[in-house]
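First the structure, in the form of structure tokens, and then the observations on it.
Quick note: residue numbers are just sequence positions, from 1. Source: prediction; values computed, not measured.
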Amino acid sequence: MIRLGLCCLFKEEPIKFRTTTAKYSGRLTTAERDKKLSELCLHNAESLLKAIRFCSSNGIGAFRVNSRILPLNTHPELGYIVKQLSAGNEIENKFRECGREASRLNIRLSFHPDQFTLLSSPDPEITRKSIMELQYQSEVAEWIGADIINIHGGGGYGDKKSALTRVGSVIDKLDSVIRKRLTLENDDRVYTPADLLPLCLRHGIPLVYDVHHHRCLPDGMSVKSVTEQALATWNREPLFHISSPKEGWGKPQPGKHHDFIDINDFPMDWRTLNITVDVEAKAKEEAVLQLQRELRAL
């Protein structure tokens with residue numbers, strides 16, 4: 001059975017996740033900032049609960065949690081430990097309620113950190129900040145029962161082999177709460193499935209196969225072959241990604257996502273698998289529901 005996933009936000013449904021800027025928060029007093037951040041975190045936890053229930057009510061099996069669900073959490077000057085906020089216990093308890101509800105309703109939750117989360121960088125400071133981001137998301141993942149924190153391979157820095165060696169070295173040193181959730185995804189500019197599969201197998205990290213990225217950056221491997229090899233990297237339900245090009249194939253920028261998914265872009269080799277497929281489309285829940293209807297009609 002295919003479990004379709006909704007990514008982070010809603011287009012029409014009135015479920016919103018709120019954030020703030022460092023510029024605004026930096027002008028607040030310590031007490032004012034504590035109150036504001038507590039309010040935002042609680043609001044986002046409540047929105048996540050609504051998102052989980054929406055997904056369940058509409059036959060959507062997975063939800064990707066926004067990386068900024070705890071605003072400014074890892075900011076170098078304004079970052080904070082949730083438990084030290086005045087509403088810290090209430091915030092954690094609310095997120096744990098989300099986890100219980102997701103488990104009860106069988107909604108799979110995941111994270112996809114922003115692109116600045118890099119394990120391939122030759123700069124130790126970038127690596128340090130990236131690990132901090134993974135630690136933050138793994139803490140929330142523990143609360144809500146999310147089993148995936150998915151990242152890209154990162155930059156090639158003129159030597160992809162050395163860059164991937166750095167990725168592997170960092171992975172081997174990660175805390176178990178991060179490593180047990182960490183996955184790697186092929187991208188549309190640097191790392192193909194052929195680049196990442198050996199690393200994934202060597203270090204025991206699942207590959208999130210993004211077929212759109214693979215079509216944008218081909219490597220000679222077929223969709224069928226990558227699908228089979230990616231499946232073998234997983235020790236739990238696999239997660240793949242689907243999207244369609246905004247302007248169609250053969251245009252100058254095929255990497256840009258369309259509002260919806262062209263059913264012809266959904267691989268035949270996936271249609272009988274027991275997998276989660278995150279739908280990366282601008283129309284958000286409308287795109288997921290349309291794809292759901294079209295797959296059922298096949």
Side-chain angles (χ1 to χ4, degrees), residues 7-8 22 64-68 72-77 79 110-138 141 148-175 177-221 223 226 229-230 233-234 239-243 245-246 251-257 278 280:
C7 298
C8 302
R64 182 189 297 173
V65 181
N66 192 305
S67 296
R68 294 180 294 278
L72 300 179
N73 184 265
T74 58
H75 189 276
E77 284 84 38
S110 66
F111 283 91
H112 193 356
D114 294 329
Q115 292 183 350
F116 63 78
T117 304
L118 302 168
L119 301 187
S120 58
S121 175
D123 185 339
E125 182 61 13
I126 291 176
T127 302
R128 185 189 68 81
K129 290 179 178 178
S130 297
I131 292 173
M132 281 183 60
E133 188 69 17
L134 294 175
Q135 288 172 334
Y136 141 60
Q137 294 189 30
S138 68
I148 291 171
I149 300 175
N150 179 50
I151 63 173
H152 291 163
Y157 305 99
D159 184 350
K160 290 201 294 185
K161 183 177 179 180
S162 295
L164 288 178
T165 297
R166 286 194 294 273
V167 173
S169 177
V170 175
I171 286 172
D172 286 344
K173 298 172 185 175
L174 290 174
D175 189 283
V177 297
I178 302 172
R179 181 164 177 154
K180 70 181 181 181
R181 294 180 170 89
L182 191 70
T183 62
L184 289 174
E185 175 192 347
N186 60 295
D187 63 79
D188 59 349
R189 295 186 179 185
V190 183
Y191 293 109
T192 69
D195 292 323
L196 295 181
L197 277 164
L199 176 71
C200 289
L201 291 169
R202 187 160 55 248
H203 295 275
I205 301 297
L207 178 72
V208 172
Y209 179 28
D210 188 311
V211 70
H212 185 183
H213 288 167
H214 191 205
R215 288 164 174 158
C216 293
L217 185 66
D219 56 6
M221 296 183 71
V223 171
V226 176
Q229 293 186 52
T233 66
W234 286 86
L239 170 67
F240 292 169
H241 289 176
I242 186 71
S243 47
K246 181 177 181 179
K251 301 296 182 180
Q253 294 182 304
K256 290 186 175 181
H257 292 173
D278 274 356
E280 298 188 324

*Hey, does Gln137 have a side-chain heavy atom less than 4.5 Å from the side chain of Ser67?*
yes
_side-chain contact (heavy atoms from CB on, under 4.5 Å) for Ile151 and Thr183? Distances and angles first, verdict last._
CA-CA 6 Å; Ile151 63 173; Thr183 62; over 6 Å; no
*Any side-chain heavy-atom pair from Asp219 and Pro193 closer than 4.5 angstrom?*
yes
*Atom of Thr192, atom of Pro218 and distance for their closest heavy-atom approach*: CG2-O, 4.4 Å
*side-chain contact (heavy atoms from CB on, under 4.5 Å) evaluation trace for Tyr191 with Leu217*: CA-CA 8 Å; Tyr191 293 109; Leu217 185 66; over 6 Å; no
*asked:* As an exercise, state the distance from CG of Leu134 to CZ of Phe111, rounded to the nearest 0.5 Å.
replied: 11.5 Å
*Measuring from Ile149:CD1 to Arg181:CZ, what's the distance to the nearest 0.5 Å?*
6.0 Å
*Would you give the length of the straight line joining atom CD1 of Ile126 to atom CZ of Phe116, rounded to the nearest 0.5 angstrom?*
11.5 Å
_Angle between ring planes, His112 versus His152, binned at 30° and 60°: parallel, tilted or perpendicular?_
perpendicular
_Suppose the criterion is salt bridge (Lys or Arg N to Asp or Glu O under 4.0 Å): which pairs have a residue in residues 186-197, not counting sequence neighbours?_
Lys160-Asp195
*Which heavy atom in Pro245 sits nearest to a heavy atom in His212, and how many Å separate them?*
N-CE1, 3.8 Å
*In Å and rounded to the nearest 0.5 Å, what is the CG to CD distance from Leu201 to Gln229?*
7.5 Å
*asked:* Quick check: closest heavy atoms across Val208 and Asn186, and the distance to 0.1 Å?
replied: O-OD1, 3.4 Å
*Is any side-chain heavy atom of Ser130 less than 4.5 Å from a side-chain heavy atom of Val170?*
no
*Listed partners of Phe240 passing ring-ring contact (aromatic ring centres under 6.0 Å, His included), at least two apart*: Tyr209, Trp270
*Worked verdict on Met221 versus Leu197 for side-chain contact (heavy atoms from CB on, under 4.5 Å)*: CA-CA 11 Å; Met221 296 183 71; Leu197 277 164; 3.9 Å; yes
*Check Pro124 against Pro122 and note the closest heavy-atom contact, atom names and distance.*
CD-O, 3.3 Å
*Non-hydrogen atoms of Leu196 and Leu164 that approach each other most closely*: CD2-CD2, 3.8 Å
*Ignoring hydrogens and geometry, is there a side-chain-to-backbone donor-acceptor pair from Ser110 to Ile148 under 3.5 Å?*
no
_Side-chain heavy-atom pair His213, Glu185 within 4.5 angstrom cut-off_ = yes
*Evaluate whether atom CZ of Arg68 has more than 12 neighbouring non-hydrogen atoms of other residues, nucleotides or ligands under 6.0 angstrom away.*
no
_Return the CD to CZ distance between Glu125 and Arg128, rounded to the nearest 0.5 Å._
4.0 Å
*Closest non-hydrogen atom pair, Glu280 against Cys7*: CG-SG, 4.1 Å
*Evaluate whether atom CD of Gln253 has more than 12 neighbouring non-hydrogen atoms of other residues, nucleotides or ligands under 6.0 angstrom away.*
no
*Could you walk me through whether His203 and Arg179 pass side-chain contact (heavy atoms from CB on, under 4.5 Å), step by step?*
CA-CA 10 Å; His203 295 275; Arg179 181 164 177 154; 4.2 Å; yes
*Give a yes or no on whether Lys246 atom NZ has more than 12 heavy-atom contacts from other residues, nucleotides or ligands under 6.0 Å away.*
no
*Supply the atom-to-atom distance Ser138 OG to Lys180 NZ, rounded to the nearest 0.5 angstrom.*
9.0 Å
*Under 3.5 Å, is there a donor-acceptor pair between the side chain of Arg166 and the main chain of Ser120?*
yes
